[in-house]
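What follows is a single structure, written as structure tokens, with notes after it.
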Amino acid sequence: MSVTGGFQEYQKKANVLISHVEQKLSSMNAMLTNENYEGCRVIGDDIQMMLESLLNITDAVNEDELASGQRLQLHRIRCVYCELASHLESSRSRASKEASRHELFSAFDPSAEDQNATTHQLLHSESEGISRSTQAVEHILNQATAGHSSLVSTFNVLERAGGRVRELTANIPLVNNIILSINRKYKRDQIILGSVVAVLLFIIWIFW
């Protein structure tokens, strides 16, 4: 299989996974609204496995064999992965808090037959919630590391391309004018990309 054909196949699989994850996130939010916390947990685990498959797909691609445009597409897929993972952790955190609050109110229900058993269950649930939150933080840190590596790789690609272009501009004035226009657009894109990264980091900081 050619490099282009191979990448297109990876991209197709990634897009299918992204679509399924988005649908399941929507279902998870609906379950949360209906206070179906067990359903949220189950569908959250399904989404986690899909995201891991998506990450494996991006890791399986050899960036050195891709053209610049394909590398940018790969970078966009990784950014979408980080965004979906952040949404999942946010929904899981909300579901955990709502479930704990629901169990807390149930613990004070006068009709409960065994208050001690209920309190023990609540404490056990809180312990599991703390454990999941710790795992979520570690997962987000791993995502941030993967995102950083992707940004560094993209920067190196653009830097090498920029070196070749600068050699051309020294000899052809017309090309120099075109490159100046491209550089202005590139700086604008850098500002947009930096803003997106800042927003993602802010979201991670909030839900941490």
Side-chain angles (χ1 to χ4, degrees), residues 10-60 74-148 150 196-208:
Y10 281 124
Q11 187 178 23
K12 182 179 179 181
K13 292 179 181 178
N15 289 336
V16 170
L17 281 172
I18 289 171
S19 177
H20 288 169
V21 169
E22 289 175 342
Q23 292 174 5
K24 283 189 175 288
L25 279 173
S26 178
S27 299
M28 186 177 182
N29 290 333
M31 289 181 179
L32 186 56
T33 301
N34 295 328
E35 298 183 354
N36 184 359
Y37 305 120
E38 179 61 22
C40 287
R41 185 190 65 77
V42 173
I43 200 171
D45 292 341
D46 291 341
I47 295 173
Q48 182 66 51
M49 288 189 294
M50 289 184 180
L51 288 176
E52 289 175 357
S53 297
L54 179 60
L55 184 61
N56 290 336
I57 288 175
T58 59
D59 289 342
L74 179 63
H75 171 67
R76 292 191 187 98
I77 291 174
R78 286 173 173 166
C79 287
V80 171
Y81 162 82
C82 291
E83 182 179 354
L84 292 175
S86 177
H87 286 173
L88 172 61
E89 297 308 326
S90 174
S91 297
R92 275 179 160 176
S93 176
R94 181 184 169 195
S96 178
K97 290 178 182 177
E98 292 291 339
S100 297
R101 185 171 63 179
H102 179 75
E103 291 178 2
L104 180 62
F105 283 120
S106 298
F108 292 99
D109 186 355
S111 63
E113 295 180 357
D114 192 350
Q115 294 293 336
N116 292 330
T118 302
T119 302
H120 178 74
Q121 278 185 338
L122 180 59
L123 292 174
H124 181 68
S125 176
E126 287 291 341
S127 176
E128 290 183 343
I130 293 173
S131 178
R132 286 195 296 269
S133 297
T134 302
Q135 292 176 356
V137 170
E138 293 178 352
H139 187 65
I140 290 174
L141 290 176
N142 291 334
Q143 294 167 8
T145 301
H148 177 264
S150 177
V196 171
V197 172
V199 170
L200 289 175
L201 291 176
F202 179 70
I203 292 174
I204 292 173
W205 178 76
I206 288 178
F207 290 104
W208 191 353

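- Panel note: side chain S93, backbone E89; no donor-acceptor pair is recorded below 3.5 Å.
- Atoms CD1 and CG, on I47 and L25 in that order, are 4.0 Å from each other to the nearest 0.5 Å.
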For L88 and V21, run side chain to side chain contact (heavy atoms under 4.5 Å, CB included): C-alpha distance rounded to whole Å, both residues' side-chain angles, the deciding distance at 0.1 Å, then the answer.
-> CA-CA 9 Å; L88 172 61; V21 169; over 6 Å; no
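- Under a 4.0 Å N-O distance rule, the pair R92/D45 qualifies as a salt bridge.
- Taken from NE2 in H20 to CG in D46, the straight-line distance is 12.5 Å, to the nearest 0.5 Å.
- With sequence neighbours left out, E52 forms a side chain to side chain contact (heavy atoms under 4.5 Å, CB included) with Q48.
- Distance check, rounded to the nearest 0.5 Å: NZ of K13 to OG1 of T58 gives 13.0 Å.
- Separating the SG atom in C82 from the CD1 atom in I77 is a distance of 12.5 Å, to the nearest 0.5 Å.
- Listed here is the closest heavy atom pair of A85 and L51: CA-CD1, 3.7 Å.
- Using a 4.5 Å cut-off on side-chain heavy atoms (C-beta onward), S27 and I43 make contact.
- Between the S53 side chain and the M49 main chain, a donor and an acceptor come within less than 3.5 Å of each other.
- The two residues C40 and M31 come nearest to each other via the heavy atoms SG-CB, 3.7 Å.
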I would like to know whether R78 and D59 meet side chain to side chain contact (heavy atoms under 4.5 Å, CB included); could you show each step before the answer?
-> CA-CA 10 Å; R78 286 173 173 166; D59 289 342; 4.2 Å; yes
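- Counting only heavy atoms from C-beta outward, the side chains of S19 and Q23 approach each other to under 4.5 Å.
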Step by step, work out the side chain to side chain contact (heavy atoms under 4.5 Å, CB included) result for L54 and M50.
-> CA-CA 6 Å; L54 179 60; M50 289 184 180; over 6 Å; no
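- With rounding to the nearest 0.5 angstrom, the CD atom of Q11 is 9.0 Å from the CD1 atom of I18.
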